[in-house]
Structures are given as structure tokens and as C-alpha cells.
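Basis for what follows: all heavy atoms, side chains included, without hydrogens, waters or symmetry-related copies.
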Amino acid sequence: MNKENTSLTADKKARKDIVSCIDKNLFVEAGAGSGKTTMLVDRMTAMVEGGIPIEKIAAITFTKAAAREFYNRFQKKLREASEAGSERCRDALRNIDLCFMGTIDSLCQQLLSEHPAEAGIPSGTRLITDEEAKEYYDYIFVQICNGKYGDKLARQATLIDNLITGFKPAFHLGLDVIMDNRNVDFQYKKIADASIDDTYAREIAAIRRFVHFLADNRDNQHTDRKESRSAWESFDEQLKVIDGKWEGNLPSVENALSELEKIHLVRSVYDDADDDIREKLGTDSTQTKQWTTIKKGVLCGILKEYKHDLLMDFLVKSAHIMETFMQERGLLTFFDGLYYLRNMLRADAKKEGKLIRYIYSRHSYFLVDEFQDTNPLQSEILFYLTAEEPVAKWDECTPRAGSLFIVGDPKQSIYRFRGADVSAFQRVKGLFEAHGGILLQLTRNFRSNKALCERFNNVFEHTLQEKKGIQSGFAAIPLPDPVEDDDCLRGFYTYEAEEDQSKGKGKNNDKDKDKGNNSVSDVVKIILKLVNNDQYKIFSREDKQIRKIDFSDIMVITNKKENIEPIMESCSRFNIPTRVEGKVPFNSTAGLKAIADIYEAVLSPDNSLAVYRALTGDIIGCTSEMVQRFLQGGGSLKSGKCTEPVSNEEMEYVQNSVEWLKETGKKAASMSPAALYSYIMEEYRIFRYVEPNNLEVVYYTLELLRHKEADGSIISQQDGLVYLKDLMTKKNTEERCLSFGETNCVHIANLHKVKGLQAPIVILDAAKATNREPTYSIIHNPVDDNGNKGYIFTLQHPHFTNTIYSKTSRYAAQSFHEMEIRQAEQDRLIYVAATRAENALIVGCSDEKKLWKPLISEDNNPDAIDDNIPVFPLEEATESAVNVKKETAEAKILYDENSDNAITANRAKETNNYVEKLPSKEKLILKHRMEQRDDVVELAEGESEALEETSESEDGKVPADVRGTMIHKLMEMLVSSGGRISPETAARDICQQLLPAELQDHAEKMEAELIALGQRMLNGGVPQDNGVPQDIFNTMLSAQEVYCEVPFQFREDTAEGPVMWSGVMDAIYKTNGQYHIIEYKTGEETTGLDEKYQGQLAAYIKAFKATTGQEADAHTYHIRA
Amino acid sequence: MGETIIFAPGANGRELLRSLARFGEKCFNIRACGSAELAELVLMRAGIVLDKNRIDYSGELALMAEAVKKGDKDKYFKYLSYSDLSEITKSMDQMRMMAEGENESELLSQGLKKGIFTEKNNTLIKIYQEYMKLLNKSGVDLVELVRQAAQVDAATVQNAFKDTRFIKLGEYPLMPLEEKLLSLISGGKYELLQLKDLFSVERADAAATKNTYYSCYGAANEVEQALEEIYRNHNLEDCTIAVTDPGQMSQLIYDYVQLYDIPCTFDTGVPISNSNPARLLKLYQTWMTSGYYGVDALNSLIFSDYFDRQKFIGEILKGVKTEKLKGTRLLTSKEKLNLAVLTEMAGQLRLSSDSTVNKELIKNFKSHVAVEKKYGEAKDSKNYKDWLTVQQALPLLKNAASELSLPLAEFITKYSRIRYVGDSNGEKFNTLLDQTALKAICRQLESRTAVGLDENLGECINGILSSRAGRSDSQPGKLHVTTMEGALCTIRPHLYILGLSATKYPGAARENYLLLDDDLDNLANGNNQGEWQKSQGKVQLKLDRLLGLVDTMHKLKGNVVISYSAYNVAELKKENPSSIVYKIHEKEQGGAHEIPFEEIAYFKPAISINRGIGAAYVGDKEITRESNEWSQGHSEPVSYTLQGEYSPSNLEKFFKCPKKYLFEKLMGLEAGEDTDAFEILSNKDKGNLAHKLMEILGAYRMEHQNQLMDNGDFMEHCGEIFDSFIKSHTALVPTQVSKVRADFMAMMADAYFGEKAGTDSSINMMEKKLQGETPEGIKLGGYPDRVECQDGDYKIVDFKTGKADNYKDNNVAKCLQVMIYAYILEQTISNAKISGGEYRFLAKKNKIISCGYNEDAKSTLLEALSKFKEHMEQGNFPCEPLLEGLKEDCEYCGYADICGKDNGGCAEDE
Ligand code: SF4
């Protein structure tokens, strides 16, 4: 059996096992295009059918998008199964929300939020972005330097500050690495109390020995160079410094050492020196020169190391501080989620594993996708969570049978910079095997056609060979049957890429760039040739037929974000529609700039530059000269006013425009940042004058603003402005944008973003293979989990690579190893890129740009291109190649039409068709506040009106409404308790409950008043002038029925529309079959109240009738002592 | 007649009654009660007065904080946060509500002790015990109130409620204690109804409708679609919008309310961040955190629209005699306080929110003033005004310091600008919003301070900023926005449910970390009353409530429109509809069917007027634009006649880039500068200090027959002046001052030796104004650093603390300033021989670049100056330097984006 056949058999078995062995743990390596999501869904469905409760299943995906895709497919599958009669699937479908489907990060968040105290964090944690974390770095930096975390550390900071230029940026860079790898032990030489003399005693002695050797050779100085001469002149000074104590004197020591490094000696010194000395002397001496030098860095090197160590020490300590700081505040990064969860589980495993078992009782079956890209902490978490018998060492935990199902493709592991690690993948695979799990391989590729697969087999068997800790091997893809004709475009092609015209750096670069922009990129030539051309056809699997090629059949893959823009520009010149993965052209979107300019002018009317910018932008359209004339004529851009009368149309236009901006500014005061953005778009009808190119970017920006508003990071309009500006000045990390409908577009994507994508034709844009020196390395030690080691080799400016803040040469071996690992990852990136293609892959290559070369080189000669691979011909493109004739629409008309028929142009729907009527405003508004407990501040009923006229206490009296409320309450208590509550008790309680805190001074007086009133009411009441029984209390008590504080609400349909009546009647009682409504009054007037409150009383009578169907009379009762 | 009590804890009773009435129910003596309300009623009718203070939620929190301190000795809650505290409080209430038997304490400990997590549960028990002790001393809280009510004498209370009909709603399950209360007062005779059963009348004016389903493109699209439909077909007051994500959705709807002035009430409230007080609070937070009390952050705070500046100015001027400020920069030309000058000083000083720190800072400033006074400034010197400003600023700064260090709540209350303007719906709402927000902020600050958690203020502000304000009940004539729960009470004929995507509703089953499902089982003690409180039960409850709501709508023949974002446009991700949508549809159709989702395109709803453009764009049409009539023509150059004096430094600016000169000097467009909070001594300040010291050095020579000041004395001056500067410009990281100081001192030490080397010449004048004129009538004037004289030859000396790159020996263009001075000097001192001018670069160890002044130089100079005149008059301001060899650094130029020079943004690449 050949390799492919073996592979096929294995594949078939694997697919069967995945759905049948639900009681086993499986570890599946699934190649690109092997349909792993389908297998995951199938397994989950099989589990459900096998009786596993859906709420115990957790599917962990790498991205949120994958989780949603997953949810869809699972739901669909369950529906199908339930339609086919599966009861269990029907149940599961109903409870699908109880099944966890999400990323490991959201699982961590959930588990941590369910057990925060065990994880050592507060509840209510908040996920923060890297940007936000950096703000805290600064904050902590200041605190540390200012001694908040101890004098010792502050002193260390001062020392570093004196030694290193760029302490703060170095701090940021270093902390970034360390904070996200806190499970790693970073290596550096620990400095006892930061004293260099003790820590480096041996090295310093060696230097001193060397310097004394120089001293002994004073006579052999070689002084034909100025530098050397002046260094020798000050030699004794330097010697003294070096012989002295270094600690506390480092800047001078550094100065001395670097001076000494400039020294030249006559050549014979070298010849006579011993090996130790010779090591430090320049190699030039061995040649013809008459002198010997001191090797660069041999003296200063030690200080460099010292600085690095000092800084590392500081960073590690600062990371601890930062950790606690964030912990206290409940701020979590993605890493923290994993880290705290792992720590929590480990601590629990060390004890009895109660927590682990508890969590297991809820989440018992884990299915993990894209395992190769996950942080190694994820494996630890999974092993703890599923452990049969949890123990402290995660790799000694045996997962319960059937609880783990892991899918991944080590060949697609491309996120080392985010913590993914092939060695960790291999390790888990080993553990699976050791614990009785089953290893499976899915090798079939359903995506690419036979021609491609054949070539893949050829190439990747060479480039992807198993190497422990570095590379996982490639298993041959079983070849699918060919489905297309020979005439179709299929398999591999290559094209000879143009070399870069711009070489070297410097000013000329710009011009060359321009030239590059005007020339047609190779990719465009290919696209123009392929699309809509009878010569090139593909077999479409969707349509199951051979057809011409569309734009949307093509995907271009670049290896860097920066390369996307030139291709896009080139495409747009030839009307090739594009859709980009990896870069959003905020800075070249005219509409966005136009909005942002006006936005700024509107917010900062005092900023004349901003106003000028808006005036001279496309929308307002003033020329600079117009503005100048306005200014000369005494105009001001700030006030919009002119000291002299506006003399012409031009000036008037400028003035009006400034006025317009100011008006907009006034409106802006009521708007959120996003609303203002929309408002400007509408008010200025921006696309009347501005090209709507990249319209999706304009709207995406609006959505981003809304989003940022929702997450609280943008609050004021100023924040919004800053955000807009940042977006346009490349300070954004947005990589994808809205797309309005999946129109017929060429898809352009950056290599790191292509996972999960595919296209019939993939063009790999020629690129150079670069391999920068790594700045740090993390090695996840396979032996014990405390043994993870980290090495920071250098801290340097991310762009200006010449600006190095700190560097060590101590870990050369690790640096080399890291290079090797990165190289292996590079090979995998090529695999990922190539396997996106369904029908054909077109690979760009040249002598200089040979990133993709491994794909098209000969088997046994990687330097040569395989002749069998057809060369795709590149011809000069012509504009007419793609003929797109578009319908036109006039912007002005579009605006006019749409403003006329905008829904809000018609306000008829806003009329009140019902009216709310409250017969009395006096209500117990202070009651029941105890139940308010959510995050929303509520207005009590009626309070919105009350706010405007809040009653203030006049001349030290209790305000009438408060007093009234209290008296009403008194009556209610007396009556509804049937006299069981005494006036004294009631009064005390009322004062306690209803008298606002600021009026508590009046409590005593008020209480006395209430008692008096109460007693009066109990003892016969007060005379009324309206025939209401004076002894109302006893009348009510002996009535047939009595009700207090009776709410009512009903609708009355009148000719003018419905009226909603609502209110509260103070009391109702029934005597002799007749209902009486009583309205208590407590004001100063005592007589004629029934007349005065006639309306209110009538309303009550009406209400009573309407709601109960009964008649009643209604009167006031004035309460007084 | 009787009365009816609907016991529905958590429901909005007012809204519920309103809904009943609106659908024709005649509501008389019906109360929809929560627990506290019912309990109070029961106690009152039973004749019981508790005679104890009612403790509200924030009171509970404060008690709980103390209880945790006492009860959690082993620090189970390692980082006790405010949110922990509220969680503990809520959970404590919850478990107490579960203990419906006689002995609460006993029941709880028994239940908790059975739990798996003993450490947690033991802690909870201890905290509980402490809390109860504290509570007993201070009053009754909600649970206690209910408990008391549930313990009254059955006969008495049943008699008091003998005519009462009791209703419990399926949508509002009760806690065991509440259940007990209800059973007690009703004698077990209460009705269990569904929400829909409350409505007896069917809607007369409507035909049976079916649900409508929209799949939208983003949340804004959902809102727009709903608004379009409402405006097209219904009256606003007949519609309720229920949202699953009140934070996000209320913000969006609020935005539309503001944009299109839509009358609307928000039961959800809107994010408090839309209010002026909250925005002020945020600026305050930035000022004290990432703004490090610096100038920029202080200016953003003080000069924002949200800050009441007039009030602030009033406070600042209290007790200050304004006459004294005359002649300083602290007054504007109209003799008003120039607040910007003051805030700049305050920011440099880093006046903070801490009064103790401020005291120290003011003390520093005082000593700075003293040092400044000692060195003085001559009245005719160019720095006199600045100097005088420093001399007079102290009382103002003192006042500013005390205002800035007001307690936060007081500060916000005092200085928030509440919006009272306008009659539009949006504006009126904003007034309400600002008022409630201010209240809320103060209440929260108070409550958070009261619990004494020692919470970090920044985080506390974050907490406040994430809340909402401006909540109100529904009103006639207005659209009503509410939550899913709120929608149960506000029933109107048309219901729009927005945001029904799987990620938002019903959401994942999440356990309460304090009372795990297991604990709830134990506390429920065998009965299944705990079910709906458990993680999965809560999800179920959400689903049931929504189904109940839809049922009610159907009964009333109302419209239900359900939408979800099939695509989340902000996160660029596809979304699935919530599974509840399937259930609703299944129920409506009686069996599983595909849901007939209508897809709503992004530009479909007829709300914005830009949508036509959008639709055309999406439809792949070419959009033809108008050309702006103004931007065509109107560009004849503008001529500038020469006016007044031109200083050598401005002229140099002109020659380096005439365009920049036009913008900056002629048009007065101000390009802002970036500041770095960490910078201790800016280049500009460094230059000023060095100049000042060189003046001192020079003055000494002038007074002492060209004798040099003693080195030690000079260095002392240097130290004193540097230190004094730092006292008025507080360093963010004081420990970093020493390095800067050392560098500065080293530079000045070099300067001293440079001065020493130059003592063969004498100083003729210093910082004195020179004036002159060219034959063409260009007036010139300025202050050269020095004029020195050696053997009768005069030379101009200019000190520089920056780089020497742009200067060159004997090159008039690259020594332009000193050459112009030489020219003026020639006119000032008759018959003097002017040898030339030189730049001394202090930071470059006194490197000297000089240029001889001779006829050649003079004619080059005059030629250049006439070029200046010519360009000005012709209005010709190109982007290139007008003298060969000069160059302007476009990289740091603030006009790069408007000058039109095709420089491709020099600042970007490496
Ligand atoms: S960017 Fe350069 S050319 Fe443009 S105004 Fe500034 S200095 Fe002049």
C-alpha cells in the first residue's frame, strides 16, 4: 500500500472512531481542509444521542466566530436529527443554550466569575485591552519611581534611569512580555541589593586586570589617531575610576570604559600578551597594521549586562506589583483569565480537588478545536478539569475517559507570538497516549483538488518533517478523484515577480515608492488576465460546472500588512473591486477625513487651525485665499465675527460657514460622540462633495464609535475626536471592516489572517523571506510545569531597530534556538497559505523575493525552481481588460429624495392620543424606596415634575408637601389598623420613615404635632363646614366597609380621545349602603375646601362610578389640631 | 367592592396598572406590590409598628462592609471590592429569603454547612451572624421586614384582609419567605395566574396579527427598522421597545432621539455617560489618573462644556485684589481673569485633588516666587510680564488649589453644568438626565465612601460611569423603551423586541459564586423552590417570561416584532438568532418550522438621509457629485503690505518655510503641541533657564569690568534657578530630576568655561531691544542675547541650547538671525565696526558657529529681505525655503496636512 492509501485507511477509521468512541478520549490531528468542524459537530451529536446531557458538554473554539459557526451547525444537525425522530436530540435542541460553546477565554471568564474568591480575585472583574493595560503600566511606573512600593525599588529605578536612555519605553516593552508570561521564570543574573561590585566581582576583576595591563604598557601607546591620543591623555583619570568602587559611580565608570576602548597600542603588545589579554585585543593586529586596538564592547559589555540584569530584575518585581494592582481592581487581560484559572485549579488539585469535581459536575465533556494555537496553559486547565483524581502536577492527572476530545493541526500552528507552542502540542499528544487516549489523523483534504494535493504531498514532506519541539511531521494527503477537465485552471503555477525598485533607505525612497505605485503590480496583471476570460476557466464545485472566473474566486495573500495597500491601490486603478482582510484604509477614506475635520472644528471653535481645516475641506470648500481675505478684512475664525462690515459674497460665505460650524457645535452639546458623527454626515450632506469611496469604512467608523461608547472607553465628544484621529493616523489595530453585501470582490488577506478562509484561486504575492533576530523566547519546559523559562534578549524600539534600550548576549544559544523555532513556523505559514487554494495556486517568486520558494522548488534542489510547474505569463495590463460600466446616480438627488421621505419628516405619529390625568398630585412618593436596587437611577413617579419645583424648607419649617404626606400617613395608620396603632407610636414611626434626613431637626416638633393631630382625630375630630362627620375616625371604624389610600386607574374614551385617569383616594367608607370618598386636606385654609377642590372631588366620583359601577359622594376633610 | 393585591416582587406596579387600564380594565383598589410594600401594609393593618429604622440598600451595604470586616477574619475575600460587597449583600438577602422557617439563623447554617465549599460557607455564616448583630442594633432591612410581616398573628391579619383578592403571577415567582407571607395573609387562598389572565378584555380595535421577524445588519439597523415601522404605521405612544441589552440599546436609541428629536421615555435609563455631570466626572478621573494633574488634563477639565467656569472664576478671585493683577498675563485685555494662564501654571505645578499635597505645592510655589523675586527682571526686558505674572499668581493658585481639592461629590455638584436650554424632546430629556445623573453620582460616591472599602477612586468612578440615569415611566405621546422584564408591565398594542440574538438572550447559565446551585439546593432543603434561582433555572425563567409576554400580546391581539442582528457590525461577526425565537415561532405555528426572517439591509430603513448614497453605493452605482462652486475660482493671491516690525526670528521662520509663516504669523492658525507628562525640562524651558543664567553671568561682567563671576557662585545660581524652576513645574517622577539636573548643571558648567574663554571681548549690551530699517522700508526689531565688543569690533552673540545641525560657519542663510541683528546694530551704533555674529551652543560644549558681517553678507541679506517684501506683497508663500541651505523640519510641523506640500507625511516611516 502506498503512503496515500495508508493515509486514507487511517482517515476513514478516524472518522468512524470520532462518532463511535464517545467513551474514549481522542486526540485528532486534522490537516487543512479535512472537515474538522463537521467531525466535531458529529461527535457532539453522537454524544447527545448516546445520552450525555447537553448542558454537560463544552465546545471550545479558537475564535468567537468559530463558536457561532459551530452553534449554527450544531443546531442544524440537532434539528435534522430530531426531525428524524431522535427524542434526545429534540430535548437537546430545546436546551441548546445550556451547552457551552465559546472560546477558552470565555470559559475562563465564566469559571472565574463563578469562583472568584477561590481564584483570588474580586467578583465583577473586567476584561481590559492591551492599550488600557499600558496606561496602567505608566501609572505603576510613576508609583514605583515615587517610592510607593518601597525606597529600595525607587532607588533601583533612579539608578536605571541614570544608566539607560529610554527607561520608560523599555519598561513598557519588557512588562508586556513578562505580564503575559507570568507562568514563566525569566532568566537573568539576580543582583543582590543591586550592588554591581559584589554581583560582578569576578568580571570586574578581569577588567581591572586588563586595564592594569594597559597601564603597564603606557609606553606602547599608539597615538596617531586623535581619539586614541585623547584617551591616553586621560588614562590615569579613567584608571582611578575603574579601580574605585563602581556602585554609585556608574555613569563615570561607563564613561571611563568607553574612553578606554578607544585606545590603540603598538602591535608588539599583542604579540607579547597572554591569551586572556589577547582575547580582548583587536584582531586587526594579526594583519598588517602597526597597532592593535581593544575589541569593541569587551570593556563596556559588562556594564551592558549589568544594566540588562538590573532592568530585568526591576521588571520582574514590577510585574508582581502590577499583578497585585490589577488583581485588586479586578482588571483582567486574556492571559490573566487562563493564568488565574490554572492557578485556582492547581491549588485545588493540591488539596482535595473539591472545586474541580464540582466544576466537572457541570462541565464534563470538553471538545477543543484548533488546539495547536492555544496557550499551553489551556492544556493544564483541561487536564485538571477532567482529572479522574486531581493532583498538583497537571501532567500526572489522568483525564476521565470520554471527557476530552482535542482537534488540532500542528502544521497550522502560527501564533507563537501569542504563546502557542508546538512542543506543548506534542507533549499533550504524548500524555494522551500515556493515559490511554486514542490518537487519530484526518488526512483527507476536501478543499483542494487533486493537482494541488499532489504537489502539497511533494512539498510538505520535505519542508515539514517531524522535529521534536519544533516541527510536527506531515502525513500524505490521500489523493481525491480528479473532477475537472484538463482545460481548467488547476494546480500550481508560478510567476516571475518584479524586483523591488526601491533599494536602500533615504530620501529617494519616497520617489521610488511613488513610482511603484504607478506601476501595475504583478498581482493585478494576473487578476486582469484571469477574470472573465475564455482562456481561463475553473471547475466550480458549488455550481458543479466549468465556468469563467469571477473576482470573488480570487484571493491574494501577502505576508505583511504593509503590502496590502499598494495592491489595493493598483487594483482600484483598474476598477478591480477588493475586500481586505488585515487592514482598513481609514487614512485614505475621503469621507472620514471630511467628517473628522468638521467634527474637530465643531468641538473646538477656538482652535483656528481646526476651523480653517474644515473651511477649506471639500465640503465647505473655501479656498485658502478666501479665508485670508476674510481675516484681512478683520474677520475672526474663532468668533466668526468681522470688525469691518462684510464686503463681499466671498467673505459672507466664510462668515456663514463659521457660523454654521458654531451652530453645529451648539447642537453637539446634547449628543453622544457617535450621534454627532451621524449628525455631521446628515447636516453637511457630505457625499454631495466628497467621493463616497470606501463608504464601508465611513460606516464602520460610526459603528466603532458606538461600540467604544458602549464599552465606556469613549465618553465625551473629545474622546470621540481623539479616537477618530487615532484611526486615521495608523494608530489603529482594526484589521477588518464592514462589507456591504458579499459582492464580487477580490479578497486580499494578510498571511496571519487567512486561517479559515479559502478560495478557488489563490495568488501568493511575492515577498522577501525575512527573519529578524528574536527579542525574546519562551520555552515551555516539558519536564515540570514550574520549569517554564523565559529569556529576554533585547529590548528595542519596535520600529527603530537601532534604538536598543537594553541587550544581553548571555543567551546566545537560546536566541539561536528561538530562530530555529521561528524558521519552522515560517514553513508552517507557507503550508497555511498554500492550503487555502481549492483549484489553483499561483506563486510569486524572484531571486530576491523568495519567501514562497519552497513551494515551487525542485525536490532535491531547493535552490532551483521546478521546471514542471507552469509559469503564469505576465503581460502589461490594459485598462480595458476589465470593463465595468456602472449605472450612475446623482448625489444631490439622492439626498433630496431621501430627506423628503425620511420617516421622521412626518411628525404626526407623535401626538398624544391619550392624556393622563391625576386628580391629585399629593402622593406618598417617599415610600418603598427600599426596593430600588439596580444600577439605574430611577425617578419616582411625579418626580420629573417635582424636580423643577422642589419644595424647600421655608423659614425653618417642614415644607407643606412633606408635612401633608406625613399627616396622610398618620390617618392611614390610625384607620387601617383599626385604632390598634396609637398616635404616639404612629407619629414616631412616621417621623423616622418619612422625614427626610435634612429635616431631622424638626423631628421632635413634628412628632408632637402628629400626636396632637392623632389624638384629636381619635377623640372626636374637628368640625367641618361641609357636612362630613366631624368624628371621621370613628365613623369610618364603624362603617360597613372602609379603605385607605385607594389607588384607581381607568380609561375614559372621550370625543378628544382616550383619557387615562389615575390617582389615589385618601379614604372610602360605606355607611347605610352609601359610599363616601374622603380627601384629607392639611393646608392653612379650613373652609370652603369642597368648592376649592371641586374638580378633584368630581373626578373621584366619576372614577368611582366608572371603575366600580357604584355611586359615591366625595368631600374634603380638613385635619387640624 | 373589596380590594385586589397582585403580589409581584420586581414588577413595576404603576406601569402594570397603567397597562391594565389602557386595555380597558377598570382598576379600582388594585395594588401591584413588591415585598416591602406588602410587608408594610400587613404590619400596619395588623396594628404593628416596628419602631425601627428602615435600612435601605446602601445602608445594608454599609452594614455588610462592617460585617465582612468582622466576620471574614481569615480573609476569604482577599480583594474585597465594591462589587463583591453588593454581591454578598444580595446573596445574603437571597438566602435569608429562603429560610422561611422560624429560626433563620439555624436554618441557614444547617443549609450552608451541607455545602461542598466549606471555607466559603463558613465565612458566609460568620458574616451573616455579624450582620445580624449589626442589623439588630440599627433597624430592619427588607428581609427582616418581610420576616416580621410573615410572623404576625394569622387571625388578625386575615381579618384585616378579609375582602382582599390575592394574585400571584407565574412570571414572578416568589421566594419562600414571600410565599409564606402570602399564604399567611391570604389564608392560603390566592390565585396563581399568568400575566395574560389579568386582562379580561380583548382588544376591540385590532385584528389578530402574527409575529414579524427581522434579521438585521447590526444593532443600529434594528433600531432604525423599528423606528421606521413605528413612524410609518403606529402612534409612538402605542409602542414599546423591549431590549435585551439595555446598555447598548438605550444608548443607540438615545442617539436617534437626539438626532431626530424623537419623544421617548426610557425605563432602561440611558448610559449616565451622556450626562454632563458624568462627563465631568470622567474628565476629573483622567485628570487625576492618566493626566497626572498636568496642564493638558486640567485644561480639558476646566475648559470643557461640562464645567461651570464662571463659578470657578468667582471662587478663584475671592479675596484677590484685581488691581494687583494689572500688567500681568493673568488678566485679559478686557481686564477679566485669564483663566488659561492660571490653569497652565496650576497644571505645571500639578495642583491635585489632595489638599495636603496641594499645601506642599503651594509652599513650593511660594519659594519659587521668592527666588524669582531675588533675581528680578527689568521693566523693559522682554520677560518682565512673565515675571510679574509669577509674582502675582500665588493667591489665585491658592484658591484654585482649594477648589480642586474639594471632596469629589462636592466638586461635581458645584461645578457640573446642568443643561436647561431648549424645548425639544431631546433637550428636555437632557435636563432630566443631567439632574438624575448628578443625584446618582453623589449617591453612589456617598454610598461607596460609606462602606469604607478604601476603594480606589478611579475604579469607583468607572463603576459609576457604567451605570445609567434618566429613567422614567411611560408617558402619553412618547415611545417607551424598556427591558425584557419591564416589557411585562408596560403592555402597549405594539411590542418591538430588539436584540434577540443567541449571545444576548437568554445568555449562558452562570452560577452565583456565593450561593452555588449546590448551596441553593441545600438551603431549599428538599423542596424545589430553589430551582428558578439556580443557574439553569434563571435561564428558564427568562424564557418563560418572554413566552408569557408574547402570549399576553397575542391575547390582546397586539403586534409582536422580533428582531436580532444577524451581523454585528461593530465586531464584524455573524450572529445567530436566540433559540427563544424558535420557541416563540414554534408556539405560534404549532410545530417546528423555518422562521420567516425578513432580511433588513443596512440602508433600508428610511431614517437617515445618507441612506440613498449608501444604497447606491451598495448597488454598485457610480455616484456623481456636485462640485463646490467656491473651491473652483476664488484663489487670486492675497497681498500683504508690510506692517510694523519684523523680528529676526520671525524672518528666519519666513525664509525656512513661507507657507508656515503664512499660517502661523499672518493667519494666526495655532498648531497645538504634543506634551509629554513625563518630561521634566522641555527644550524650551531649558533654553529659557540657560538664557537667564547667561544673562546673570553677563550682567556680572558688565558690572565688574568684564570680570567673570566665580565659578562656584555661578554654579550656585544655576542650581538655585533650576531648583526653583522645578518647584513651579512639579516633576511627575521626582527621582528623575537628579539626572536632568546633573545634565543641566554640566551644560552650564561648560557654558561657564565657554564664557571664560571669551573674556577678551567685553559685553556691550544684553537683552536690549534693537531697531532698524532697510532701505526698502522693512522695519526690523528684536532682542539679541548679547552684543559683545573686542578691540572695537562688535559682534552679535546668540545662545542656543539645541542642536547645531542647521547652522553653518560663514553662511548668511544659516546664520540668518545674527546677521539681521548685525545689520540692525550697524544702524544703531553709528560708525561702529561690526565683525559679525555667532551662535554659542551650550549643550554642545560651547561649540561656536559664526558668520562674518561684511558687504557681501550685507548684500545677500538685503537681497533676501527684499525677497521677503516681494513675496509678502505678491501673496506668494511657497512650501520651500527661500534661502538656499535653509530647511524646515516638516516632521514636526503642525500644518503638514494643510500646507499642500506633497510630503507624504514625513513623520511616518522609520
Ligand atoms: S509641513 Fe513643511 S512645507 Fe508644510 S508648512 Fe510645514 S514646514 Fe512648511
Does the distance from a Lys or Arg side-chain N to an Asp or Glu carboxylate O, for [X] and [Y], drop under 4.0 Å?
{"X": "B:R279", "Y": "A:D719", "value": "no"}
{"X": "B:E511", "Y": "A:R362", "value": "yes"}
{"X": "A:K168", "Y": "A:D138", "value": "yes"}

Would you mind telling me which of [options] has the largest number of heavy-atom pairs within less than 4.5 Å of chain A?
{"options": "B:Q248, B:K739, B:Q258", "result": "B:K739"}
{"options": "B:A616, B:P734, B:S579", "result": "B:S579"}
{"options": "B:G24, B:A160, B:A220, B:G247", "result": "B:A220"}
{"options": "B:P476, B:G612, B:G477, B:A21", "result": "B:P476"}
{"options": "B:E3, B:R45, B:K78", "result": "B:R45"}
{"options": "B:A606, B:G894, B:G668", "result": "B:A606"}

Worksheet item: If you look at every heavy atom in A:E650 and A:R629, which pair is closest and at what distance?
Response: OE1-NE, 3.1 Å

Side chain from CB out, backbone as N, CA, C, O: work out which of these in [X] comes under 4.5 Å of a heavy atom of chain B, or both, or neither.
{"X": "A:R329", "answer": "both"}
{"X": "A:I121", "answer": "backbone"}
{"X": "A:L631", "answer": "side chain"}
{"X": "A:E328", "answer": "both"}
{"X": "A:E709", "answer": "side chain"}
{"X": "A:Y679", "answer": "both"}
{"X": "A:Q1110", "answer": "neither"}

Worksheet, complete the sentence: The ring pair (Phe, Tyr, Trp, His ring centres under 6.0 Å) partner of B:F28 among A:F1050, A:F1104, A:F1048, A:W1061 is A:F1104

Which bit of [X] comes within less than 4.5 Å of chain A, counting heavy atoms only: side chain, backbone, both or neither?
{"X": "B:S304", "result": "neither"}
{"X": "B:Y602", "result": "side chain"}
{"X": "B:D518", "result": "both"}
{"X": "B:L516", "result": "both"}
{"X": "B:E25", "result": "backbone"}
{"X": "B:L465", "result": "side chain"}
{"X": "B:N274", "result": "side chain"}
{"X": "B:R419", "result": "side chain"}
{"X": "B:V539", "result": "side chain"}
{"X": "B:N430", "result": "side chain"}
{"X": "B:E87", "result": "side chain"}
{"X": "B:A509", "result": "both"}
{"X": "B:L80", "result": "neither"}
{"X": "B:S290", "result": "side chain"}

Worksheet item: Please walk me through it: do A:F687 and A:Y895 pass ring pair (Phe, Tyr, Trp, His ring centres under 6.0 Å)?
Response: CA-CA 9 Å; A:F687 296 113; A:Y895 271 113; 7.4 Å; no

Worksheet item: Does the side chain of A:S624 pick up a donor-acceptor pair with the side chain of A:Q628 at under 3.5 Å?
Response: yes

Judged by atom type as modelled, is there a donor-acceptor pair below 3.5 Å linking the side chain of [X] to the main-chain atoms of [Y]?
{"X": "B:T436", "Y": "B:G470", "result": "yes"}
{"X": "B:R468", "Y": "B:P271", "result": "no"}
{"X": "A:K354", "Y": "B:I116", "result": "yes"}
{"X": "B:N576", "Y": "B:A502", "result": "no"}
{"X": "A:D989", "Y": "A:T985", "result": "no"}
{"X": "B:D84", "Y": "A:S123", "result": "yes"}

Tell me which of these, [options], has more heavy-atom pairs under 4.5 Å with chain B than the rest.
{"options": "A:P1058, A:P116, A:A889", "value": "A:A889"}
{"options": "A:R126, A:E691, A:H115", "value": "A:E691"}
{"options": "A:A1103, A:G979, A:A710, A:P692", "value": "A:P692"}
{"options": "A:G330, A:G120, A:G102, A:A675", "value": "A:A675"}
{"options": "A:E135, A:K892, A:R613", "value": "A:R613"}
{"options": "A:H707, A:Q75, A:R688, A:R1051", "value": "A:R688"}

Worksheet item: Atom CD of B:Q475 and atom CE of A:M1060: how far apart are they, to the nearest 0.5 Å?
Response: 12.5 Å

Discussion item. What verdict does the salt bridge (Lys or Arg N to Asp or Glu O under 4.0 Å) test give for B:D473 and B:R18, after you've listed the backbone C-alpha separation in whole Å, the side-chain angles of each residue and the deciding distance to 0.1 Å?
Written reply: CA-CA 10 Å; B:D473 274 3; B:R18 204 171 274 144; 3.6 Å; yes

Worksheet item: Does the salt bridge (Lys or Arg N to Asp or Glu O under 4.0 Å) test come out yes or no for A:E703 and A:R706, once each step is laid out?
Response: CA-CA 5 Å; A:E703 295 298 344; A:R706 286 175 174 155; 3.1 Å; yes

Discussion item. Can you confirm if the NZ or CZ of B:K120 lies within 45° of the ring axis of B:Y76 and under 6.0 Å from the centre of its six-membered ring?
Written reply: no

Worksheet item: Should B:R22 and A:E916 be marked as a salt bridge (Lys or Arg N to Asp or Glu O under 4.0 Å) after you check the CA-CA gap, both sets of side-chain angles, and the distance that decides it?
Response: CA-CA 11 Å; B:R22 144 163 235 163; A:E916 282 201 0; over 6 Å; no

